[in-house]
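Data first, discussion second: the structure below is written as structure tokens.
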Amino acid sequence: MRVLRRPRRPSVNLKWSSRHVSPMTYDPLQHEVNIQERWMKEKAFRAPFAKEMTPATPTFYMLVMLPYPSGRIHMGHVRNYTLGDVVARFQRMRGKKVMHTMGWDSFGLPAENAAIQHQIHPAIWTRKNIADMKKQIQRLGISYDWDRELASFEPAYYRWNQWFFLQMWKRGDVFRALRNVNWCEALGTVLANEQVVDGKDERTGHPVVQKPMEQYFFAITKYADELIEGLESLDWPENIKAMQRHWIGRSAGARLSFELISGVRISVFTTRIDTLFGVSFLALSTEHPVIQEAAQSDPDLASFCQTIGKQSREERLTSDVKLGHRTRLQARHPMTGDLIPIFAANYVLMDYGTGAVMGVPGHDERDEAFALKYQLPIVTVIEAPTRWEPGVLIHSGDFSGMTSEAASHALVKALAQTADAEWMLTFKLKDWGLSRQRYWGTPIPTVHCPQCGVVPETEDRLPVLLPEDIQFSGRGASPLTTSTTFLQVACPECGTEARRETDTMDTFVDSSWYWLRYLDSKNTTQAFHPDEAKAWTPVDLYIGGVEHATMHLIYARYFHKVLRDLGMAHADEPFQRLICQGMVLKDGFKMSKSKGNIVDPDDVIERYGADALRLFMIFASPIEKEIDWTGFEGIEGAARFLKRVERLIDPHTPTQASLPLLSRLSPEEKKLLSKLHQTLHRMTDDLESRYSFNTLVSSLMELLNSIQEHTFSSPHADAVRQHVWDIFVRLLAPTAPHLSEYLWTRLGHSGFVAHAPWPSCIPELLVTDEILVVVQVNGKVRARLTLPSDSTDTAKQEAALRCAEVQPWLQGKTLVKVIVPPGGKIVSVVVKDA
RNA sequence: GCCGGCGUGGCGAAAUGGCAGACGCGACAGACUCAAAAUCUGUUUACCGCAAGGUAGUGGGGGUUCAAGUCCCUUCGCCGGCACCA
């Protein structure tokens, strides 16, 4: 079906007093392209720089998550960018300076895979994809300031990643440490988590093992506490905050140490120090230094550690079999002095807490399972409704009879000297492993000097550029090691011949500050000018996919705090308000190439135009819910609505005549104008504070229905009609901007509707002459009365009790009370049997 | 297992404690048409009733309130996140 292409003139059957019938001229496809060109040419959406504004200039920063340039946009992008655009256009019409722009998260694996498969350079592949996607996005008519566009793979961008790295190095926020990577022996290469399926390389099927490697880290855990606390002040969906809290995983407890017979102390972390008298073993991670050392002289233990070490993280996490190995070591209980066996166990993680736990089988399920398996004593030391809760201590020496809470404090105090006991916070959040053994990313700006060790580059030698002479084979060490020009470098400190670092940065670094670069994307001397950050940040509204709830949104918050501490960003948090949109599905499934269920936005635009697609996307479902793309029925409805708008306005001849005094309007006219201004009021609220977009569209549809029902017949009908359409078109403009521009001109205005002021509400019109009062008797609606809007509550009560519909329900009953709640739209009558 | 969210017509949904189902899709009927498309008009939660109207109804059960889809308790189902976190 071609809804909007070459439509024929409908048989005119409008209640509308049409004075002329012109052939329909609006062709969305043609018009959309034309108006987009004009917006572009006249830089209609240019955002100003800080120096062009005063501190009093109202601004709005509308940010959407920047896409990875895969080559084609999908419906999720359409939804995301349309939502952002509706807000951006609205805020612009409200008179604010709006920052709204687009960029490309353009480093990462897919480009490198393309290079391996098709022997095409990642830069060429990426540039083409950006060009293709940009064209598609532009067809949607999103009001971006394209002059601020950026791409993270450009040296002009990533040199600042390197610069930040150096600043963080200076501050001690960067460190090197060993961490396991997915190592594929057959390929001789490191693989990303998503490349590993069932412990094998997803492409070749070669086995993958865990192997420790020296890597760079950002010390994000330094900010763990602030990252949790900061969530309080944010206007974010509760579920996202909960996900972040859980991800950061703050846990309050105590640390204490157990002394081995040899004198070595083992530190454990526990949230239940009150169960100390129930300890019957210590369990240590196989990677724990004490275990590693013991394994030197204990071949059985060594082989146990090896078996566990071979397991992938996945295997280790999914098997709930508790494996342990009893060592020859024993520790002394810090209170009782009893000897306690020490186990190496697979369920204890080296990277959480201290890598060692005290086993209390009486009050911990895991410890219990372990104790049953290895026949260890199970002692009850707490009396409580269930064994897993705090309660009152028993069998605990001097501490018996104390509550768990009191005992915990007492124990920490008592053991402070003898067992190093202290309160301690532990986090699940790990330091941010930065290194990727990849080509297509920001080179880490360090060199390995035989004299000085690992040395940071100097700022004046930035950027460290990615070399071009690279072999992409998919095997062997990082591609950067194959460059002849890249590796050799003079040590920045001593000048001796050194070797460049060949690891590149995680692409999350790129997306951790891009919204600041947008503000000053052409700056060649700074990442961005602090004045710009001051003028525009924090971001007023950030919209993106829920899949970024933890990683990106935690890294970005962390980075922002670091920039704040570097004196570059002034706010504590980068994104004041966040909305996570739901996915766009097809028949209940995520659209994907492999399922062959992709709906291409271009096809839809070809058939219905961008406005219809935009309108449908907004209307179909609340923003945070999933949309199932069931077919084209929904979008045909959207196209039909736009066509109806166009057709209803078409016969109108523009007039300069102003709206007559409200007192001279007919009741019908007043009713229509009330509806108009009520809709305006409601839509403003939807756009400004409720961020309820689907209802925005239904309000407009309702309004159009009212307009269509109205007979414009009074002497000043033209002026009324002009007033109505002038407002209507502006209300439509954020959602269907192309058609609105056409209609705005059609209504006799010059300039873009995108720049027209959002209409102001006439308060007198928000109240109607008559209001509907609902009468309830014992909670059931029994009558609907139309009363003058200035009726007093008493008058309403009287009218309610008197009216014929209500009378029968009062017969033979005793009136208990009558309530008119604030707002006066309801009279609630309570009666009881006489 | 833990945490979070959601359950409303045939479907997408609305309802900021105050008329449940706005708005749209689909379906059905009618007008226009030689016909179709498009457009316009009307009907569309269930049950009872010729009708006026009545009764029930927002996953199930209970509660608070003059009033509950909305708040509280409980239970079932679905979705999402995390998952040996000491």
Side-chain angles (χ1 to χ4, degrees), chain A residues 1 3 7-15 237-247 249-251 253 268-272 283 316-322 345-349 351-360 364-367 369-370 426-428 546-547 549-550 582-583 616 619-622 624-628 630-638 640-641 643-644 647 685 689-690 692 694-705 708 772-784 805 816-831:
Chain A
M1 189 185 93
V3 172
R8 261 183 283 161
R9 185 74 217 156
S11 49
V12 176
N13 181 18
L14 310 175
K15 285 180 179 175
E238 221 23 74
N239 61 329
I240 306 291
K241 288 199 204 180
M243 278 161 74
Q244 292 217 346
R245 267 187 215 109
H246 192 246
W247 189 269
R250 178 167 63 187
S251 165
V268 302
F269 172 74
T270 177
T271 54
R272 292 296 305 279
R316 234 172 128 161
L317 291 183
T318 46
S319 91
D320 39 284
V321 183
K322 311 245 169 306
N346 69 339
Y347 75 92
V348 182
L349 311 171
D351 54 11
Y352 184 78
T354 60
V357 301
M358 55 182 223
V360 186
D364 181 281
E365 278 185 274
R366 269 166 319 161
D367 295 344
F370 192 83
T426 296
F427 297 91
K428 275 195 253 182
V546 66
E547 63 274 21
T550 45
M583 281 196 298
F616 172 67
F619 177 59
S621 184
E624 68 284 350
K625 282 188 84 167
E626 291 173 344
I627 293 186
D628 201 330
T630 44
F632 290 94
E633 280 131 3
I635 195 163
E636 282 182 11
R640 198 142 55 210
F641 167 75
K643 194 163 130 189
R644 194 150 60 99
R647 190 160 22 80
D685 191 42
S689 40
R690 289 203 331 143
S692 169
N694 52 330
T695 53
L696 187 93
V697 178
S698 43
S699 302
L700 264 181
M701 289 174 164
E702 253 182 87
L703 177 58
L704 188 70
N705 289 344
Q708 191 169 358
L772 185 69
V773 176
V774 172
V775 186
Q776 295 180 345
V777 180
N778 286 353
K780 285 202 165 42
V781 177
R782 295 302 178 192
R784 297 182 171 84
E805 293 94 327
V816 179
K817 59 176 161 178
V818 183
I819 297 160
V820 182
K825 289 188 292 188
I826 300 261
V827 177
S828 185
V829 181
V830 186
V831 296

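So you know, we letter chains A, B, ... as the sequences are listed, proteins then strands, and number each from 1.
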**Prompt:** Distance check: side-chain N/O of R784(A) vs OP1/OP2 of G18(B), anything under 4.0 Å?
**Reply:** no
**Asked** Where each residue is assigned the nucleotide of RNA chain B containing its nearest heavy atom, which of V697(A) and I826(A) is assigned the position nearer the 5′ end?
**Response** I826(A)
**Message:** Is it the case that the side chain of D367(A) and the backbone of V360(A) share a donor-acceptor pair, with hydrogens and angles ignored and the cut-off at 3.5 Å?
**Reply:** yes
**Item:** NZ or CZ of K322(A) within 45° of Y347(A) ring axis and under 6.0 Å
**Value:** yes
**Asked** Which base sits across from A51(B) as a Watson-Crick or G-U pair, both distances under 3.5 Å?
**Response** none
**Item:** Closest to the W247(A) side chain, choosing from C82(B), A86(B), G26(B)
**Value:** C82(B)
**Message:** Taking pairing as Watson-Crick or G-U wobble with both contacts under 3.5 Å, can you name the mate of C82(B), or confirm there isn't one?
**Reply:** G1(B)
**Request:** Report yes if at least one side-chain N or O of R640(A) is closer than 4.0 Å to OP1 or OP2 of C25(B); otherwise report no.
**Result:** yes
**Euclidean distance, atom CD1 of residue I635(A) to atom C1' of G26(B) [Å, nearest integer]** = 17 Å
N/O contacts under 3.5 Å, protein versus nucleotides 5-13 of chain B?
unit_1 : atom_1 : unit_2  : atom_2 : d
G12(B) : O2'    : A620(A) : O      : 2.4
A13(B) : OP1    : S621(A) : OG     : 3.3
A13(B) : O3'    : N694(A) : ND2    : 3.4

Protein-nucleic acid N or O pairs under 3.5 Å, nucleotides 55-62 of chain B:
unit_1 : atom_1 : unit_2  : atom_2 : d
U55(B) : OP1    : R782(A) : NH2    : 3.3
U55(B) : OP2    : R782(A) : NH1    : 3.1

**Pairwise C1' distance, G69(B) and C19(B) [rounded to whole Å]** = 14 Å
**Asked** For A15(B), which nucleotide in any strand shown is its Watson-Crick or wobble partner with both distances under 3.5 Å?
**Response** none
**Complete:** With syn defined as a glycosidic angle within 90 degrees of 0 and anti as anything else, the base of G69(B) is anti
**Message:** From the set C40(B), A15(B), G81(B), return the single nucleotide nearest to any side-chain atom of T695(A).
**Reply:** A15(B)
**Message:** Quick one about T695(A) and S692(A) (side-chain donor to acceptor, distance below 3.5 Å, no hydrogens or angles considered), yes or no?
**Reply:** yes
**Request:** Find the partner of C6(B): check Watson-Crick (N1-N3 plus N6-O4 or O6-N4) and G-U wobble (N1-O2, O6-N3) distances, both under 3.5 Å, and reply none if neither fits.
**Result:** G77(B)
**Request:** Please figure out whether V829(A) or D367(A) has its closest RNA chain B nucleotide nearer the 5' end.
**Result:** V829(A)
**Message:** Check the phosphate of C85(B) against R366(A), side-chain N and O only, distance under 4.0 Å to OP1 or OP2. Yes or no?
**Reply:** yes
**Message:** Can you tell me the base-pairing partner of C71(B)? Count Watson-Crick or G-U wobble geometry only, both distances below 3.5 Å, and say none if there is no partner.
**Reply:** G63(B)
**Message:** Strictly by Watson-Crick or wobble contacts shorter than 3.5 Å, is anything paired with U58(B), and which nucleotide is it?
**Reply:** none
**Fill in**
One should read off an interatomic distance between M701(A) CE and F619(A) CZ, to the nearest 0.5 angstrom, of 4.5 Å
**Message:** Among A38(B), G4(B), C19(B), which nucleotide has an atom closest to any side-chain atom of A242(A)?
**Reply:** G4(B)
**Integer angstrom distance from the P of A52(B) to that of U43(B)** = 13 Å
**Item:** Pairwise C1' distance, C23(B) and U74(B) [rounded to whole Å]
**Value:** 36 Å
**Asked** Which nucleotide in the list A86(B), U39(B), C19(B) gets nearest to the side chain of S251(A)?
**Response** A86(B)
**Prompt:** Has the side chain of K322(A) got a donor or acceptor atom sitting under 3.5 Å from an opposite partner on the base of C84(B)?
**Reply:** yes
**Message:** If the cut-off is 4.0 Å, is Q244(A) near the phosphate of G81(B), judged by side-chain N/O to OP1 or OP2?
**Reply:** no
**Asked** If pairing requires Watson-Crick or G-U wobble contacts with both distances under 3.5 Å, which nucleotide is the partner of U39(B)?
**Response** A31(B)
**Complete:** R690(A) has its side chain closest, among A15(B), C85(B), G24(B), to A15(B)
**Message:** Looking at C66(B), I'd like to know if its phosphate oxygens (OP1 or OP2) sit under 4.0 Å from a side-chain N or O belonging to K817(A).
**Reply:** yes
**Request:** Measure from the side chain of L772(A), starting at C-beta and using heavy atoms only, and say which of C19(B), C23(B), C84(B) lies closest.
**Result:** C19(B)
**Message:** I'd like to know if R272(A) reaches the base of A86(B) with its side chain, counting only an N/O donor and acceptor under 3.5 Å.
**Reply:** no
**Prompt:** Using atom C1' of each nucleotide, how far apart are A14(B) and U58(B) to the nearest Å?
**Reply:** 12 Å
**Asked** Taking the side chain as C-beta and beyond, is there a heavy-atom pair between V829(A) and N778(A) under 4.5 Å?
**Response** no
